[in-house]
Amino acid sequence: QVQLVESGGGLAQPGGSLRLSCAASGSVLSPNVMGWYRQVAGKARELVATSTTRASIRYAEFVKGRFTVSRDNARKMVFLQMNNLEPEDTAVYYCYYNPITIPPTTTPDWGQGTQVTVSS
């Protein structure tokens, strides 16, 4: 079992910045994929950005050039630097963890989420 705890959400103005953090604990295996998904009220959860242990990164098209995902493997943490925020970024952001296995696991772990609100 892996526990994921997010922090750093809150209120930002359009064009502003926030930095989300996620700390993993428990039976954390490597290599793995960690990153972020988000869910707008009434919509499905969607990929924001993920990174493998060796920093192979995947971004959603709508955040390219604005958000940066990074890792601190020694601290078992993943971060999301969010710049040039837009009102459309308002959502609950969830930390994601999945070990890299063959075959791949179908049961990733999720944090409880942190609210990001972008409003003037």
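Nothing fancy with the numbering, it's 1 onward along the sequence.
Although no hydrogens or angles enter the test, the distance criterion places a donor-acceptor pair under 3.5 Å between the side chain of R71 and the main chain of S51. Within the 3.5 Å criterion, the main-chain N or O of V118 finds a donor-acceptor partner in the side chain of T90. Without hydrogens or angle criteria, E86 side chain to G15 main chain gives no donor-acceptor distance under 3.5 Å. Looking at S30, its side chain never comes within 3.5 Å of a backbone N or O of N32 through a donor-acceptor pair. Side chain of N73 to main chain of K76: no donor-acceptor pair is present (N/O by atom type, distance under 3.5 Å, no hydrogens or angles).
Donor-acceptor pairing under 3.5 Å is recorded for the side chains of Q81 and N83.
The two atoms that bring L85 and A12 nearest to each other are CD1-CB, 3.7 Å, heavy atoms only. Among all heavy-atom pairs drawn from S27 and V2, the shortest one is O-CG2, 3.2 Å. Residues R38 and A91 come closest through the heavy atom pair CB-CB, 3.9 Å. Across every non-hydrogen atom of V116 and G9, the tightest pair is CG2-CA, 4.2 Å. When all heavy atoms of S120 and P14 are compared, the closest pair comes out as N-CD, 3.6 Å. Of all non-hydrogen atoms in G8 and L18, the two that sit nearest each other are O-CD2, 4.0 Å.
Under the 4.5 Å side-chain heavy-atom criterion for Ile, Leu, Val, Met, Phe, Trp and Tyr, V69 and F79 are members of distinct hydrophobic clusters. A continuous path of Ile, Leu, Val, Met, Phe, Trp and Tyr side chains, each step under 4.5 Å between heavy atoms, connects Y96 with V92, placing both in one hydrophobic cluster. Residues V33 and L47 share a single hydrophobic cluster, defined by chaining ILVMFWY side chains whose heavy atoms lie under 4.5 Å apart. Both L80 and F62 are assigned to one and the same hydrophobic cluster, defined by single-linkage of ILVMFWY side chains at heavy-atom distances under 4.5 Å.
Contact of the D109 side chain with the N98 side chain is not registered, since no non-hydrogen atoms from C-beta on lie closer than 4.5 Å. Counting heavy atoms from C-beta outward, M82 and Y93 have side chains that approach closer than 4.5 Å. Side-chain contact between T50 and Y37 is present, with heavy atoms from C-beta onward closer than 4.5 Å. Annotation: side chain of L4 is in contact with side chain of M34 (closest heavy-atom distance under 4.5 Å).
A cation-pi geometry, defined here as NZ or CZ lying under 6.0 Å from the six-membered ring centre and within 45° of its normal, holds between R45 and Y94.
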**Request:** List the steps and the verdict of ring pair (Phe, Tyr, Trp, His ring centres under 6.0 Å) for Y97 and W110.
**Result:** CA-CA 7 Å; Y97 162 87; W110 300 92; over 10 Å; no

**Message:** Checking V78 against C95 for the side chain to side chain contact (heavy atoms under 4.5 Å, CB included) test, could you report, in this order, the C-alpha distance in whole Å, the side-chain angles of both residues, the deciding distance, and whether it holds?
**Reply:** CA-CA 8 Å; V78 64; C95 187; 3.8 Å; yes

**Request:** Could you give me the CA-CA distance, side-chain angles and deciding distance for Q112 and E6, then say whether side chain to side chain contact (heavy atoms under 4.5 Å, CB included) is met?
**Result:** CA-CA 7 Å; Q112 68 174 306; E6 303 102 332; 4.0 Å; yes

**Asked** When you look at D89 and R66, which way does the side chain to side chain contact (heavy atoms under 4.5 Å, CB included) test go after all the steps?
**Response** CA-CA 11 Å; D89 296 318; R66 300 190 298 123; 2.7 Å; yes

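The distance between the ring centers of W36 and F67 does not fall below 6.0 angstrom.
The 12-atom threshold is not exceeded at CD of Q13, counting heavy atoms of other residues, nucleotides or ligands nearer than 6.0 Å.
Atom CE in M77 sits 9.5 Å away from atom OG in S70 (nearest 0.5 Å).
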